[in-house]
Participant: 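Shown below is the structure under consideration.
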Amino acid sequence: MKDVKAYGARAIDAPLELMTIQRRELRPQDVEFEILYCGICHSDLHRLKGEFGRSHYPLVPGHEILGRVTALGSAVKDFKLGELVGVGCIVDSCGHCSCCQEGLEQFCTEGVSFSFNGIDRVSGGYTYGGFSKSYVCEDKYVLHMPPFEQLAMAAPLLCAGITVYSPLRHWQAGPGKHVGILGIGGLGHLAVRIAKAMGAEVTVFTSSPAKVADAERLGADRAVLSSDEEAMKALRGQLDLIIDTVSAGHEVNAYLTQLSVDGSVVVVGLPAEPLKVSAGLLVHGRRSLSGSNIGGIAETQEMLDFCYQHGIVAEGEVLPVSQVNEALARLERGDIHYRFVLDMQEL
Ligand code: NAP
Ligand code: ZN
(Lines give C-alpha, C1' and ligand atoms only; values in the text may rest on other atoms or scores of the structure.)
(Ligands and ions follow the chains in the order given, each with its own letter.)
Protein backbone atom coordinates (compact mmCIF):
# COMPACT_ATOMS: atom_id res chain seq x y z
CA MET A 1 0.00 0.00 0.00
CA LYS A 2 1.14 3.51 -0.74
CA ASP A 3 0.45 6.59 1.41
CA VAL A 4 -1.24 9.36 -0.54
CA LYS A 5 -2.38 12.81 0.58
CA ALA A 6 -6.05 13.58 0.15
CA TYR A 7 -8.90 15.80 1.32
CA GLY A 8 -11.70 13.86 2.95
CA ALA A 9 -14.53 14.03 5.48
CA ARG A 10 -14.49 11.96 8.68
CA ALA A 11 -18.26 12.14 9.28
CA ILE A 12 -21.52 13.13 7.63
CA ASP A 13 -21.60 16.86 6.81
CA ALA A 14 -18.14 17.39 8.31
CA PRO A 15 -15.71 19.74 6.52
CA LEU A 16 -13.04 18.11 4.40
CA GLU A 17 -9.59 17.92 5.97
CA LEU A 18 -6.13 17.04 4.79
CA MET A 19 -5.42 13.37 5.51
CA THR A 20 -3.37 10.39 4.36
CA ILE A 21 -5.07 7.50 2.58
CA GLN A 22 -3.65 4.29 1.11
CA ARG A 23 -3.70 3.38 -2.55
CA ARG A 24 -3.22 -0.28 -3.49
CA GLU A 25 -0.01 -1.77 -4.91
CA LEU A 26 -0.30 -2.05 -8.68
CA ARG A 27 -2.03 -5.16 -10.00
CA PRO A 28 -0.88 -6.34 -13.46
CA GLN A 29 -3.69 -4.40 -15.25
CA ASP A 30 -3.40 -1.22 -13.15
CA VAL A 31 -2.56 2.30 -14.20
CA GLU A 32 -1.24 4.71 -11.56
CA PHE A 33 -1.45 8.42 -12.26
CA GLU A 34 -0.62 11.68 -10.56
CA ILE A 35 -3.81 13.73 -10.30
CA LEU A 36 -3.49 17.19 -11.81
CA TYR A 37 -7.13 18.32 -11.62
CA CYS A 38 -10.43 17.08 -10.24
CA GLY A 39 -13.83 18.67 -10.86
CA ILE A 40 -16.40 19.15 -8.11
CA CYS A 41 -19.77 17.65 -9.04
CA HIS A 42 -22.99 18.22 -7.13
CA SER A 43 -23.01 14.44 -6.50
CA ASP A 44 -19.91 14.93 -4.32
CA LEU A 45 -21.92 17.44 -2.30
CA HIS A 46 -25.06 15.23 -2.11
CA ARG A 47 -22.92 12.36 -0.78
CA LEU A 48 -21.03 14.52 1.75
CA LYS A 49 -24.40 15.75 3.06
CA GLY A 50 -25.72 12.19 3.38
CA GLU A 51 -28.36 12.65 0.67
CA PHE A 52 -27.34 9.45 -1.16
CA GLY A 53 -27.66 7.17 1.87
CA ARG A 54 -24.91 5.87 4.13
CA SER A 55 -21.26 6.44 3.26
CA HIS A 56 -18.00 4.90 4.40
CA TYR A 57 -15.60 7.22 6.27
CA PRO A 58 -13.21 8.77 5.71
CA LEU A 59 -14.98 9.88 2.56
CA VAL A 60 -12.70 11.27 -0.14
CA PRO A 61 -14.94 12.59 -2.94
CA GLY A 62 -14.02 13.47 -6.51
CA HIS A 63 -14.92 11.60 -9.70
CA GLU A 64 -13.83 13.96 -12.49
CA ILE A 65 -10.20 12.89 -12.18
CA LEU A 66 -7.58 13.99 -14.69
CA GLY A 67 -3.87 13.26 -14.46
CA ARG A 68 -0.63 11.98 -15.92
CA VAL A 69 0.49 8.33 -15.87
CA THR A 70 3.28 7.63 -13.36
CA ALA A 71 3.41 3.81 -13.30
CA LEU A 72 1.97 0.86 -15.19
CA GLY A 73 1.19 -2.70 -14.16
CA SER A 74 3.11 -5.44 -15.96
CA ALA A 75 0.21 -6.36 -18.29
CA VAL A 76 -0.87 -2.87 -19.37
CA LYS A 77 -0.44 -2.34 -23.11
CA ASP A 78 -2.65 0.57 -24.07
CA PHE A 79 -1.12 3.36 -21.91
CA LYS A 80 2.28 5.06 -21.74
CA LEU A 81 4.16 6.72 -18.90
CA GLY A 82 3.51 10.46 -18.95
CA GLU A 83 0.27 10.14 -20.92
CA LEU A 84 -2.73 12.31 -19.97
CA VAL A 85 -5.55 10.16 -18.63
CA GLY A 86 -8.91 10.45 -16.92
CA VAL A 87 -11.14 8.44 -14.62
CA GLY A 88 -14.80 9.26 -14.14
CA CYS A 89 -17.37 7.50 -11.97
CA ILE A 90 -16.74 3.88 -12.98
CA VAL A 91 -13.68 1.93 -11.83
CA ASP A 92 -14.95 -1.65 -12.10
CA SER A 93 -17.90 -3.83 -13.13
CA CYS A 94 -18.46 -7.57 -13.59
CA GLY A 95 -17.53 -7.50 -17.29
CA HIS A 96 -19.81 -10.39 -18.27
CA CYS A 97 -23.45 -9.40 -17.67
CA SER A 98 -25.51 -8.22 -20.64
CA CYS A 99 -25.07 -4.55 -19.66
CA CYS A 100 -21.27 -4.81 -19.42
CA GLN A 101 -21.21 -6.69 -22.72
CA GLU A 102 -23.15 -3.86 -24.37
CA GLY A 103 -20.87 -1.14 -23.00
CA LEU A 104 -23.41 -0.11 -20.36
CA GLU A 105 -21.11 -0.77 -17.40
CA GLN A 106 -23.01 1.87 -15.42
CA PHE A 107 -25.94 -0.56 -15.23
CA CYS A 108 -23.85 -3.69 -14.41
CA THR A 109 -26.29 -6.21 -12.95
CA GLU A 110 -23.76 -7.30 -10.32
CA GLY A 111 -23.26 -3.67 -9.29
CA VAL A 112 -20.82 -1.19 -10.69
CA SER A 113 -17.87 0.01 -8.57
CA PHE A 114 -17.63 3.77 -8.29
CA SER A 115 -14.43 5.77 -8.07
CA PHE A 116 -15.20 7.00 -4.57
CA ASN A 117 -17.16 5.41 -1.74
CA GLY A 118 -17.34 2.35 -3.99
CA ILE A 119 -16.24 -1.23 -3.38
CA ASP A 120 -12.95 -2.59 -4.68
CA ARG A 121 -14.17 -5.87 -6.20
CA VAL A 122 -10.83 -7.60 -5.52
CA SER A 123 -9.91 -6.51 -1.98
CA GLY A 124 -13.43 -5.72 -0.73
CA GLY A 125 -12.16 -2.35 0.53
CA TYR A 126 -13.60 1.08 -0.23
CA THR A 127 -12.49 3.39 -3.02
CA TYR A 128 -11.23 6.91 -2.38
CA GLY A 129 -11.90 9.62 -4.96
CA GLY A 130 -9.94 12.24 -6.81
CA PHE A 131 -9.51 14.97 -4.19
CA SER A 132 -6.06 13.47 -3.73
CA LYS A 133 -2.56 13.32 -5.13
CA SER A 134 -2.74 10.08 -7.11
CA TYR A 135 -5.08 7.34 -8.26
CA VAL A 136 -4.83 3.65 -9.18
CA CYS A 137 -7.34 2.08 -11.56
CA GLU A 138 -7.60 -0.93 -13.86
CA ASP A 139 -6.73 0.08 -17.45
CA LYS A 140 -10.18 -0.89 -18.84
CA TYR A 141 -11.76 2.02 -16.94
CA VAL A 142 -9.08 4.63 -17.69
CA LEU A 143 -9.79 7.14 -20.47
CA HIS A 144 -7.29 8.63 -22.92
CA MET A 145 -7.50 12.43 -22.50
CA PRO A 146 -7.09 14.36 -25.73
CA PRO A 147 -4.66 17.32 -25.41
CA PHE A 148 -7.27 19.94 -24.47
CA GLU A 149 -5.84 23.46 -24.46
CA GLN A 150 -7.71 24.32 -21.24
CA LEU A 151 -6.78 21.06 -19.58
CA ALA A 152 -8.22 21.79 -16.11
CA MET A 153 -11.63 22.55 -17.59
CA ALA A 154 -11.67 19.22 -19.44
CA ALA A 155 -11.87 17.33 -16.11
CA PRO A 156 -15.64 17.97 -15.70
CA LEU A 157 -16.28 16.15 -18.96
CA LEU A 158 -15.53 12.90 -17.08
CA CYS A 159 -18.81 13.06 -15.16
CA ALA A 160 -20.83 16.14 -16.14
CA GLY A 161 -19.94 15.74 -19.82
CA ILE A 162 -20.80 12.07 -20.21
CA THR A 163 -23.95 12.39 -18.07
CA VAL A 164 -25.49 14.77 -20.58
CA TYR A 165 -23.83 13.40 -23.74
CA SER A 166 -25.24 9.90 -23.21
CA PRO A 167 -28.96 10.85 -23.13
CA LEU A 168 -28.48 13.42 -25.90
CA ARG A 169 -27.12 10.60 -28.09
CA HIS A 170 -29.65 8.01 -26.91
CA TRP A 171 -32.62 10.30 -27.60
CA GLN A 172 -30.98 11.40 -30.87
CA ALA A 173 -30.44 15.11 -30.34
CA GLY A 174 -29.43 16.58 -33.68
CA PRO A 175 -30.65 18.64 -36.63
CA GLY A 176 -34.42 19.07 -36.62
CA LYS A 177 -34.70 18.27 -32.89
CA HIS A 178 -35.66 20.88 -30.31
CA VAL A 179 -33.85 20.12 -27.06
CA GLY A 180 -34.45 21.81 -23.71
CA ILE A 181 -31.83 21.98 -20.98
CA LEU A 182 -33.27 22.47 -17.52
CA GLY A 183 -30.90 23.78 -14.83
CA ILE A 184 -27.74 25.48 -15.99
CA GLY A 185 -25.08 24.31 -13.57
CA GLY A 186 -22.09 22.05 -14.21
CA LEU A 187 -24.10 19.49 -16.19
CA GLY A 188 -26.49 21.97 -17.79
CA HIS A 189 -23.96 24.36 -19.31
CA LEU A 190 -22.09 21.43 -20.90
CA ALA A 191 -25.40 20.04 -22.16
CA VAL A 192 -26.08 23.32 -23.97
CA ARG A 193 -22.69 23.19 -25.69
CA ILE A 194 -22.90 19.49 -26.57
CA ALA A 195 -26.51 19.63 -27.85
CA LYS A 196 -25.60 22.62 -30.06
CA ALA A 197 -22.53 20.79 -31.38
CA MET A 198 -24.82 17.85 -32.25
CA GLY A 199 -26.87 20.28 -34.35
CA ALA A 200 -30.02 20.57 -32.21
CA GLU A 201 -32.06 23.69 -31.52
CA VAL A 202 -31.50 24.44 -27.83
CA THR A 203 -33.72 26.16 -25.28
CA VAL A 204 -32.49 26.81 -21.76
CA PHE A 205 -34.86 26.69 -18.78
CA THR A 206 -33.36 28.33 -15.72
CA SER A 207 -34.40 29.74 -12.36
CA SER A 208 -31.57 32.31 -12.49
CA PRO A 209 -32.05 35.64 -14.33
CA ALA A 210 -28.26 36.01 -14.78
CA LYS A 211 -28.17 32.72 -16.67
CA VAL A 212 -30.95 33.87 -19.04
CA ALA A 213 -28.62 36.69 -20.02
CA ASP A 214 -25.65 34.31 -20.43
CA ALA A 215 -27.43 31.50 -22.30
CA GLU A 216 -26.85 32.82 -25.81
CA ARG A 217 -23.15 33.23 -25.12
CA LEU A 218 -23.12 29.56 -24.07
CA GLY A 219 -24.66 28.77 -27.45
CA ALA A 220 -28.37 28.38 -26.68
CA ASP A 221 -30.94 29.60 -29.19
CA ARG A 222 -33.13 31.02 -26.42
CA ALA A 223 -33.50 31.01 -22.66
CA VAL A 224 -36.60 31.09 -20.50
CA LEU A 225 -36.86 32.04 -16.86
CA SER A 226 -38.93 29.22 -15.37
CA SER A 227 -40.98 31.70 -13.31
CA ASP A 228 -41.97 33.65 -16.46
CA GLU A 229 -45.43 32.18 -17.10
CA GLU A 230 -45.95 33.86 -20.47
CA ALA A 231 -42.61 32.67 -21.87
CA MET A 232 -43.25 29.15 -20.54
CA LYS A 233 -46.74 29.13 -22.14
CA ALA A 234 -45.32 30.13 -25.51
CA LEU A 235 -43.24 26.93 -25.66
CA ARG A 236 -46.00 24.42 -24.77
CA GLY A 237 -45.84 21.30 -26.90
CA GLN A 238 -42.71 22.48 -28.70
CA LEU A 239 -39.83 20.38 -27.39
CA ASP A 240 -38.74 16.87 -28.41
CA LEU A 241 -36.44 16.27 -25.47
CA ILE A 242 -35.67 17.99 -22.17
CA ILE A 243 -32.61 17.07 -20.10
CA ASP A 244 -33.47 17.81 -16.45
CA THR A 245 -30.28 18.47 -14.46
CA VAL A 246 -31.83 20.14 -11.41
CA SER A 247 -30.23 19.06 -8.13
CA ALA A 248 -33.10 20.01 -5.79
CA GLY A 249 -36.83 19.25 -5.55
CA HIS A 250 -38.69 20.98 -8.38
CA GLU A 251 -41.82 21.05 -10.50
CA VAL A 252 -41.42 18.56 -13.36
CA ASN A 253 -44.98 18.81 -14.74
CA ALA A 254 -44.28 22.28 -16.13
CA TYR A 255 -41.68 20.65 -18.41
CA LEU A 256 -43.83 17.68 -19.46
CA THR A 257 -46.22 20.36 -20.76
CA GLN A 258 -43.45 21.66 -23.03
CA LEU A 259 -43.07 18.30 -24.82
CA SER A 260 -44.44 17.47 -28.26
CA VAL A 261 -46.07 14.07 -28.96
CA ASP A 262 -43.66 11.25 -27.98
CA GLY A 263 -41.33 13.74 -26.32
CA SER A 264 -39.37 12.87 -23.22
CA VAL A 265 -38.13 14.62 -20.10
CA VAL A 266 -34.94 12.80 -19.13
CA VAL A 267 -34.02 13.19 -15.50
CA VAL A 268 -30.31 13.16 -14.73
CA GLY A 269 -30.39 15.39 -11.64
CA LEU A 270 -30.71 13.55 -8.33
CA PRO A 271 -32.82 15.60 -5.91
CA ALA A 272 -33.25 13.91 -2.54
CA GLU A 273 -37.05 14.41 -2.70
CA PRO A 274 -39.33 12.30 -4.99
CA LEU A 275 -40.70 14.08 -8.06
CA LYS A 276 -44.50 14.50 -8.36
CA VAL A 277 -45.77 13.54 -11.80
CA SER A 278 -49.14 14.23 -13.39
CA ALA A 279 -50.50 11.09 -15.08
CA GLY A 280 -52.66 13.29 -17.31
CA LEU A 281 -49.64 15.02 -18.77
CA LEU A 282 -47.93 11.70 -19.52
CA VAL A 283 -50.87 10.06 -21.28
CA HIS A 284 -51.75 13.13 -23.30
CA GLY A 285 -49.21 13.16 -26.12
CA ARG A 286 -47.70 9.76 -25.20
CA ARG A 287 -45.00 11.65 -23.33
CA SER A 288 -42.33 9.97 -21.22
CA LEU A 289 -40.47 10.78 -18.08
CA SER A 290 -37.20 8.85 -18.16
CA GLY A 291 -33.76 8.84 -16.61
CA SER A 292 -30.14 8.33 -17.50
CA ASN A 293 -27.02 7.64 -15.45
CA ILE A 294 -23.52 8.73 -16.56
CA GLY A 295 -22.45 6.55 -19.55
CA GLY A 296 -20.34 3.50 -20.37
CA ILE A 297 -16.56 3.57 -20.83
CA ALA A 298 -16.53 3.39 -24.64
CA GLU A 299 -19.17 6.12 -24.81
CA THR A 300 -17.14 8.28 -22.40
CA GLN A 301 -14.13 8.00 -24.71
CA GLU A 302 -16.37 8.87 -27.67
CA MET A 303 -17.64 11.94 -25.74
CA LEU A 304 -14.09 13.10 -24.91
CA ASP A 305 -13.09 12.85 -28.57
CA PHE A 306 -16.31 14.62 -29.65
CA CYS A 307 -15.73 17.48 -27.18
CA TYR A 308 -12.10 17.84 -28.26
CA GLN A 309 -13.14 17.97 -31.89
CA HIS A 310 -15.77 20.63 -31.15
CA GLY A 311 -13.64 22.66 -28.72
CA ILE A 312 -15.94 21.96 -25.79
CA VAL A 313 -14.72 22.16 -22.20
CA ALA A 314 -16.39 23.34 -19.00
CA GLU A 315 -16.30 26.91 -17.81
CA GLY A 316 -15.75 28.06 -14.24
CA GLU A 317 -13.00 28.47 -11.70
CA VAL A 318 -9.84 26.52 -10.94
CA LEU A 319 -9.03 26.60 -7.22
CA PRO A 320 -6.21 25.08 -5.16
CA VAL A 321 -7.42 21.93 -3.41
CA SER A 322 -6.95 23.60 -0.01
CA GLN A 323 -9.99 25.77 -0.89
CA VAL A 324 -12.24 22.75 -1.34
CA ASN A 325 -14.57 23.60 1.58
CA GLU A 326 -15.09 27.12 0.28
CA ALA A 327 -15.86 25.73 -3.17
CA LEU A 328 -18.39 23.22 -1.77
CA ALA A 329 -20.13 25.98 0.22
CA ARG A 330 -20.37 28.15 -2.90
CA LEU A 331 -21.66 25.21 -4.97
CA GLU A 332 -24.34 24.61 -2.35
CA ARG A 333 -25.62 28.19 -2.59
CA GLY A 334 -25.36 28.24 -6.40
CA ASP A 335 -22.55 30.79 -6.40
CA ILE A 336 -20.72 29.37 -9.42
CA HIS A 337 -20.86 29.84 -13.20
CA TYR A 338 -20.48 26.91 -13.91
CA ARG A 339 -17.99 24.35 -12.51
CA PHE A 340 -15.22 24.30 -9.91
CA VAL A 341 -12.08 22.34 -10.68
CA LEU A 342 -9.51 21.63 -7.95
CA ASP A 343 -5.81 21.95 -8.75
CA MET A 344 -3.80 19.28 -6.88
CA GLN A 345 -0.38 20.90 -7.41
CA GLU A 346 0.10 21.95 -3.77
CA LEU A 347 -0.63 18.45 -2.39
P1 NAP B 1 -25.05 22.18 -10.10
O2 NAP B 1 -23.84 22.68 -10.80
O3 NAP B 1 -25.29 22.59 -8.70
O4 NAP B 1 -26.32 22.56 -11.02
C5 NAP B 1 -27.62 22.29 -10.63
C6 NAP B 1 -28.55 23.36 -11.21
O7 NAP B 1 -29.87 23.06 -10.82
C8 NAP B 1 -28.30 24.76 -10.68
O9 NAP B 1 -27.29 25.42 -11.36
C10 NAP B 1 -29.65 25.43 -10.90
O11 NAP B 1 -29.76 25.83 -12.27
C12 NAP B 1 -30.61 24.27 -10.70
N13 NAP B 1 -31.20 24.32 -9.35
C14 NAP B 1 -30.60 24.11 -8.18
N15 NAP B 1 -31.48 24.22 -7.15
C16 NAP B 1 -32.66 24.47 -7.71
C17 NAP B 1 -33.96 24.65 -7.21
N18 NAP B 1 -34.22 24.62 -5.88
N19 NAP B 1 -34.97 24.88 -8.09
C20 NAP B 1 -34.74 24.94 -9.41
N21 NAP B 1 -33.50 24.78 -9.94
C22 NAP B 1 -32.50 24.55 -9.11
O23 NAP B 1 -25.07 20.59 -10.10
P24 NAP B 1 -24.46 19.56 -11.19
O25 NAP B 1 -23.10 19.15 -10.75
O26 NAP B 1 -24.71 20.09 -12.55
O27 NAP B 1 -25.40 18.30 -10.91
C28 NAP B 1 -26.80 18.39 -11.15
C29 NAP B 1 -27.50 17.18 -10.59
O30 NAP B 1 -27.17 16.03 -11.38
C31 NAP B 1 -27.12 16.81 -9.16
O32 NAP B 1 -28.28 16.35 -8.48
C33 NAP B 1 -26.13 15.67 -9.34
O34 NAP B 1 -26.06 14.82 -8.23
C35 NAP B 1 -26.74 14.98 -10.53
N36 NAP B 1 -25.81 14.13 -11.30
C37 NAP B 1 -26.35 13.01 -11.85
C38 NAP B 1 -25.57 12.21 -12.65
C39 NAP B 1 -26.16 11.02 -13.31
O40 NAP B 1 -25.43 10.21 -13.86
N41 NAP B 1 -27.47 10.88 -13.35
C42 NAP B 1 -24.23 12.53 -12.86
C43 NAP B 1 -23.72 13.70 -12.31
C44 NAP B 1 -24.54 14.50 -11.52
P45 NAP B 1 -30.45 27.24 -12.68
O46 NAP B 1 -29.73 28.28 -11.88
O47 NAP B 1 -30.24 27.32 -14.13
O48 NAP B 1 -31.89 27.12 -12.31
ZN1 ZN C 1 -20.66 13.66 -10.95
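Each ligand, and each atom within it, is numbered from 1 in the order the structure gives. Computed from a prediction, not measured in an experiment: that's the story for all the values here. The first residue of the sequence shown is numbered 1, and numbering continues consecutively from there.
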Participant: Taking the six-membered ring of F306, is the NZ or CZ of R169 close enough (under 6.0 Å from the centre) and on axis enough (within 45°)?
Facilitator: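 Yes; both conditions hold, so R169 lies above the ring face of F306.
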Participant: Kindly tell me which protein residues have any non-hydrogen atom under 4.0 angstrom away from an atom of ligand 1, grouped by chain and ordered by number?
Facilitator: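 C41, H42, S43, H46, F52, C159, T163, G183, I184, G185, G186, L187, T206, S207, S208, K211, T245, V246, S247, A248, V268, G269, L270, S292, N293, I294, L331, R339.
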Participant: State whether R24 and D120 are salt-bridged, where the test is any N-O pair (Lys NZ or Arg NE/NH1/NH2 against Asp/Glu carboxylate O) under 4.0 Å.
Facilitator: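 Yes, R24 and D120 are salt-bridged.
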Participant: Using a strict threshold of under 4.0 Å (side-chain N to carboxylate O), is an ion pair present between R121 and E138?
Facilitator: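 Between R121 and E138 there is no salt bridge, as every charged N stays at least 4.0 Å from the carboxylate O atoms.
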Participant: For a side chain to side chain donor-acceptor pair (under 3.5 Å) with D3, tell me which candidate from Q22, R23, K133 qualifies.
Facilitator: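 Filter result, single survivor: Q22.
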Participant: Using modelled atom types and a 3.5 Å cut-off, is there a donor and acceptor pairing between side-chain atoms of S123 and backbone atoms of G125?
Facilitator: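 Checking the backbone N and O of G125 against the side chain of S123, a donor-acceptor pair under 3.5 Å is found.
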Participant: Hey, can you tell me if Y135 and F33 have their rings parallel, tilted or perpendicular (30° and 60° cut-offs)?
Facilitator: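 Tilted: the ring planes of Y135 and F33 meet at 30° to 60°.
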Participant: Hey, are K49 and E332 close enough for a salt bridge, meaning a charged N less than 4.0 Å from a carboxylate O?
Facilitator: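 So K49 pairs with E332 through a salt bridge.
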Participant: Taking all non-hydrogen atoms of both residues, which atom of V164 and which atom of L187 are closest, and how far apart?
Facilitator: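 Between these two residues, the closest heavy atoms are CG1-O, 3.6 Å.
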Participant: Check the angle between the aromatic planes of F148 and Y308 and answer parallel, tilted or perpendicular using the 30° and 60° thresholds.
Facilitator: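 If you compare the ring of F148 with that of Y308, the planes turn out perpendicular.
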Participant: Among the protein atoms near the Zn ion (ligand 2), how many are N, O or S and lie under 2.8 Å away?
Facilitator: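 For the Zn ion (ligand 2), protein nitrogen, oxygen or sulfur atoms under 2.8 Å: 3.
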